[in-house]
Amino acid sequence: MKFKKTLAVLMSILMLFSIAPMAMAADGADVDYKIDNPYANVDFENDNVYKADLHSHTTFSDGNNTLPEMTERHYELGFDIYAVTDHSSCFYGFTEPQHVDVMKLFSLVKNGFVASDALSEAGTAANGNTYTVTTSEAGDQYYAQAGGKQMMGVPFGNEQNGTSFNNAHINTWFVDYGHGRLGGTSYYEDVIKAVDELGGLSVINHPGEYTNARDEIFTADAYNKDDIMYNYKIRKFEHLLINYDSCIGIDINSKGDSRTRFDRKLWDIMLQDLLPISRNVFAIATTDAHNLHIVDSGYTMHYMPELTSANLKKNMQEGGFFAASKYVGNHDELATLRDELKAIGTADALAFYEILDPLVNSSAEDMANGGEGNKYEAPEGEARPLFTNVVVNEKEDTITLEAENALVVHWIADGKVIHVGNTIDLDDYSDEIRNYVRAEAYGKGGVMYTQPFALDYNGVPRGGDFGDYFDWGVIASAICDNLVRALAFILPVNLIVNIFG
């Protein structure tokens, strides 16, 4: 009997030892993550960092200011890369007037005048400084004022679908396509396909404007897949990204972030849907400036060895850049940030908390009364957040970000904040992480977004059921675009411009 009791005790001990590893594995198990680092080819120690505006306008389409005025303003504000993306008008250089006849009419209607000003190869800026426009052997063009750095123009920038009725706009760069092309209502694919075949890059601009998500008040209502129209439009964008790698992604924060404030949610939805089929989605932020005062609202930061269009294109294709803005227009994001600052509790964090708390409270009241809510705008001269290094350690399953001027760095998976801090240990969140994580850095100077870190591991979700899809934009485009082209053919545009311009 004593032997049997001893044996039972030994068996119990053995069972405990066998169960313990299983229990430990179930609670925060180590997962062998393979981390696709979009910044793998960035040399943060030796590369230069360049500030870019990939989307802006002049009087060559519907902007209020001329090319010289916009160029000088971007230069004043420290931009190194400037993309002129006038509607249906390719950028052929700082010294080349690129005015399309129909866009002259747009400019006349909007501004009451037509201005086709371009720069000279040398001249004097409005601030009194002399400037030069030079062209490299590779064909890249640079603007520089005396004693200052060079600012590169992005070749062939163009916001396509300029005469669409519903803002179905696409930015394209690096290939000469779409100059003078009219139409594009509700239809993106013909442009993206043509630019893809020519070897250029494209992005879907401010999707919240086309989808009408900008009209929502609450984040929960925007891009709700239970809504038939949102579901259709999300599938439209995903169809484009699946079929054309050269379409790098979407604009998530432009101008003052009113129309794009829910487009980070769209970004996360698309990442959840598309990364299971290994399609990453990158994000840009831009000024989309139509006048001088909004310049510097949104931008991208690129770490590259040299300022050339070839390096820029490669950097954009790889996702080795950061998107940033001095605006945050989403009430829920601001409320989350406020709570994170309070939890951090440092003097600087609490000082920022004191700024955000009344803003968040008044924003909630405004929303309850049917408004869009108030947004955060960084004060002029406030230092902007900047990621200065990315360190991926696959052995430890960690990603570490170094950042300047940032009070909060938080990490997002599947659209939810899962961690606050500069370093994330993926094993700590194995129950919450599926195919990606991405990070955002916040400071008084605004917000900066990383591109997504796609993840591969044993058991990662694979595949996706996208079903049959028909783009009804084909029909809308056939009707509306032919009407636009017919009107353009009939109207004596140059006569109207000459009389009233």
Side-chain angles (χ1 to χ4, degrees), residues 53-63 67 70 82-94 96-107 116 118 139 141 153-207 209-210 236-237 240-241 243-251 254 284 286 288-290 309 312-313 316-317 471 473-474 476-478 480-489 493:
D53 183 1
L54 297 173
H55 183 175
S56 68
H57 295 277
T58 75
T59 51
F60 287 137
S61 64
D62 58 344
L67 175 59
M70 291 297 285
Y82 173 37
V84 181
T85 53
D86 280 314
H87 293 285
S88 301
S89 309
C90 280
F91 177 71
Y92 295 117
F94 292 112
E96 296 296 323
Q98 46 254 352
H99 224 155
V100 175
D101 284 346
V102 171
M103 289 301 134
K104 291 180 182 178
L105 193 56
F106 268 68
S107 185
S116 299
Q141 200 170 76
V154 182
F156 306 117
N158 189 335
E159 185 169 22
Q160 309 278 353
N161 295 1
T163 52
S164 70
F165 288 92
N166 59 353
N167 299 307
H169 293 161
I170 306 148
N171 257 26
T172 63
W173 312 272
F174 306 114
V175 292
D176 188 355
Y177 176 82
H179 191 70
R181 181 183 176 277
L182 305 180
T185 298
S186 294
Y187 195 51
Y188 294 78
E189 187 161 2
D190 53 352
V191 169
I192 292 175
K193 180 180 180 181
V195 169
D196 180 85
E197 291 173 348
L198 290 169
L201 298 182
S202 63
V203 78
I204 297 166
N205 288 341
H206 41 70
E209 192 161 67
Y210 169 75
K236 177 197 283 272
F237 294 145
L240 296 167
L241 294 171
N243 287 296
Y244 305 101
D245 288 340
S246 60
C247 185
I248 62 173
I250 63 172
D251 165 21
S254 58
I284 69 168
T286 72
D288 189 8
H290 288 69
S309 61
L312 176 63
K313 182 180 178 182
M316 292 169 65
Q317 287 173 310
D471 189 348
V474 174
S477 186
C480 298
D481 296 355
N482 285 327
L483 174 62
V484 168
R485 290 168 186 139
L487 286 172
F489 179 78
V493 173

S.K.: Is it true that a side-chain atom of Asn161 and a backbone atom of Ile170 form a donor plus acceptor pair closer than 3.5 Å?
M.R.: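 Not confirmed, Asn161 side chain does not pair with Ile170 backbone.
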S.K.: Roughly how far, to the nearest 0.5 Å, is the OG atom of Ser202 from the NZ atom of Lys193?
M.R.: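 Result: 14.0 Å between the selected atoms.
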S.K.: In the structure I gave you, are the side-chain heavy atoms of Phe174 and Leu312 within less than 4.5 Å of one another anywhere?
M.R.: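 In short, these two side chains touch, coming nearer than 4.5 Å.
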S.K.: State, to 0.1 Å, how close Ala168 and Gly184 come at their nearest heavy-atom pair, and which atoms those are.
M.R.: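 Result for this residue pair: CB-O, 3.7 Å.
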S.K.: Using a 4.5 Å cut-off on heavy atoms from C-beta on, say whether the side chain of Val84 contacts that of Met70.
M.R.: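 No. Closest side-chain heavy atoms not under 4.5 Å.
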S.K.: When you measure from the side chain of Asp196 to the backbone N and O of Ile192, does any donor-acceptor pair fall under 3.5 Å?
M.R.: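 It does not hold such a pair.
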S.K.: Return the set of residues passing side-chain contact (heavy atoms from CB on, under 4.5 Å) with Glu96 (not counting sequence neighbours), or none when no residue passes.
M.R.: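 Listed in chain order: Tyr92, Gln98.
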S.K.: Looking only at non-hydrogen atoms, find the nearest pair between Cys247 and Val203 and report the distance.
M.R.: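 Heavy atoms only, the tightest pair is SG-CA, 4.3 Å.
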S.K.: Roughly how far, to the nearest 0.5 Å, is CG of Leu198 from CZ of Phe156?
M.R.: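 So the gap between those two atoms works out to 10.5 Å.
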S.K.: How long is the straight-line distance from CD1 of Ile284 back to NE2 of His55, given to the nearest 0.5 Å?
M.R.: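 If we round to the nearest 0.5 Å, His55:NE2 and Ile284:CD1 are 8.0 Å apart.
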S.K.: Does Asp62 have any salt bridge (Lys or Arg N to Asp or Glu O under 4.0 Å) partners at least two apart in sequence or in another chain, and if so, which?
M.R.: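 Per chain and number, Asp62 pairs via salt bridge (Lys or Arg N to Asp or Glu O under 4.0 Å) with no residue.
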S.K.: Can you name the closest pair of heavy atoms from Cys480 and Thr185 and give their distance?
M.R.: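 Nearest pair, atom of Cys480 first, then Thr185: CB-OG1, 3.7 Å.
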S.K.: Taking all atoms of both residues into account, what is the closest heavy-atom pair of Ser116 and Pro97, and its distance?
M.R.: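 What the structure gives for the nearest pair is O-CB, 3.9 Å.
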S.K.: Can you sort out the partners of His87 under ring pair (Phe, Tyr, Trp, His ring centres under 6.0 Å), two or more places apart, ordered by chain and number?
M.R.: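 Scan of His87 (ring pair (Phe, Tyr, Trp, His ring centres under 6.0 Å), adjacent residues dropped) gives His57, His169.
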S.K.: Out of curiosity, Leu54 CG to Glu159 CD, how far, rounded to the nearest 0.5 Å?
M.R.: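 The CD atom of Glu159 is 12.5 Å from CG of Leu54, to the nearest 0.5 Å.
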S.K.: Only pairs at least two apart or in different chains count here, so list each salt bridge (charged side-chain N to carboxylate O under 4.0 Å, His left out) that has a residue in residues 171-182.
M.R.: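 Residue pairs passing salt bridge (charged side-chain N to carboxylate O under 4.0 Å, His left out), neighbours aside: Arg181-Asp190.
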S.K.: CG of Leu182 to OG1 of Thr163: how many Å apart, nearest 0.5 Å?
M.R.: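 Taking CG in Leu182 and OG1 in Thr163, the distance rounds to 4.5 Å.
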S.K.: List the atom of Ser89, the atom of Asn158, and the distance in Å for their closest heavy-atom pair.
M.R.: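 So the minimum-distance heavy-atom pair works out to N-OD1, 3.3 Å.
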S.K.: Does some side-chain heavy atom of Phe237 sit less than 4.5 Å from a side-chain heavy atom of Tyr210?
M.R.: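 They are in contact (side-chain heavy atoms under 4.5 Å apart), so the answer is yes.
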S.K.: Please give me the minimum heavy-atom distance between Tyr177 and Val195, naming the atom from each residue.
M.R.: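 It is CD2-CG2, 3.9 Å.
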S.K.: Partners of Tyr187 by ring pair (Phe, Tyr, Trp, His ring centres under 6.0 Å), sequence neighbours excluded?
M.R.: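 For Tyr187 there are no ring pair (Phe, Tyr, Trp, His ring centres under 6.0 Å) partners, ignoring immediate neighbours.
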S.K.: Take a 6.0 Å sphere around NZ of Lys313 and say whether it holds more than 12 heavy atoms from other residues, nucleotides or ligands.
M.R.: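 Check passes, neighbour count above 12.
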S.K.: Can you find a heavy atom in the side chain of Tyr188 that is under 4.5 Å from one in the side chain of Asp471?
M.R.: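 With C-beta onward as the side chain, the pair stays apart.
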S.K.: Using side chain to side chain donor-acceptor pair (under 3.5 Å) as the criterion, list what pairs up with Thr172, not counting sequence neighbours.
M.R.: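 Listed in chain order: Gln160.
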S.K.: Would you mind reporting whether Thr286 and Asp53 have side-chain heavy atoms less than 4.5 Å apart?
M.R.: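 Side chain of Asp53 against side chain of Thr286, heavy atoms only: contact under 4.5 Å found.
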S.K.: Under 4.5 Å between any side-chain heavy atoms of Phe91 and Phe60, yes or no?
M.R.: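 No, their side chains stay 4.5 Å or more apart.
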S.K.: I'd like to check the side chain to side chain donor-acceptor pair (under 3.5 Å) partners of Asn171; sequence neighbours left out, ordered by chain and number.
M.R.: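 Per chain and number, Asn171 pairs via side chain to side chain donor-acceptor pair (under 3.5 Å) with Asn205.
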S.K.: Could you tell me whether the side chain of Ser56 and the main chain of Ala83 form a donor-acceptor pair under 3.5 Å?
M.R.: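 It does hold such a pair.
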S.K.: Hey, could you give me the NE2/CG distance between His99 and Asp86, rounded to the nearest 0.5 Å?
M.R.: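 Going from the NE2 atom of His99 to the CG atom of Asp86 covers 8.0 Å.
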S.K.: Whether the side chain of Arg485 engages the backbone of Gly183 through a donor-acceptor N/O pair (distance < 3.5 Å, no angle test) should be reported.
M.R.: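 Between the backbone of Gly183 and the side chain of Arg485 there is no qualifying donor-acceptor contact (under 3.5 Å).
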S.K.: List for me each residue that meets side chain to side chain donor-acceptor pair (under 3.5 Å) alongside Ser254, sequence neighbours excluded, and say none if there are none.
M.R.: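 Ser254 satisfies side chain to side chain donor-acceptor pair (under 3.5 Å) with Asp251, Arg259 only.
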S.K.: Run the side chain to side chain donor-acceptor pair (under 3.5 Å) test against Ser186 and tell me which residues pass, sequence neighbours left out.
M.R.: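 Ser186 satisfies side chain to side chain donor-acceptor pair (under 3.5 Å) with Asn166 only.
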S.K.: State, with a plain yes or no, whether a side-chain heavy atom of Thr85 is found less than 4.5 Å away from one of Trp173.
M.R.: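 The answer is yes; the side chains approach within 4.5 Å.
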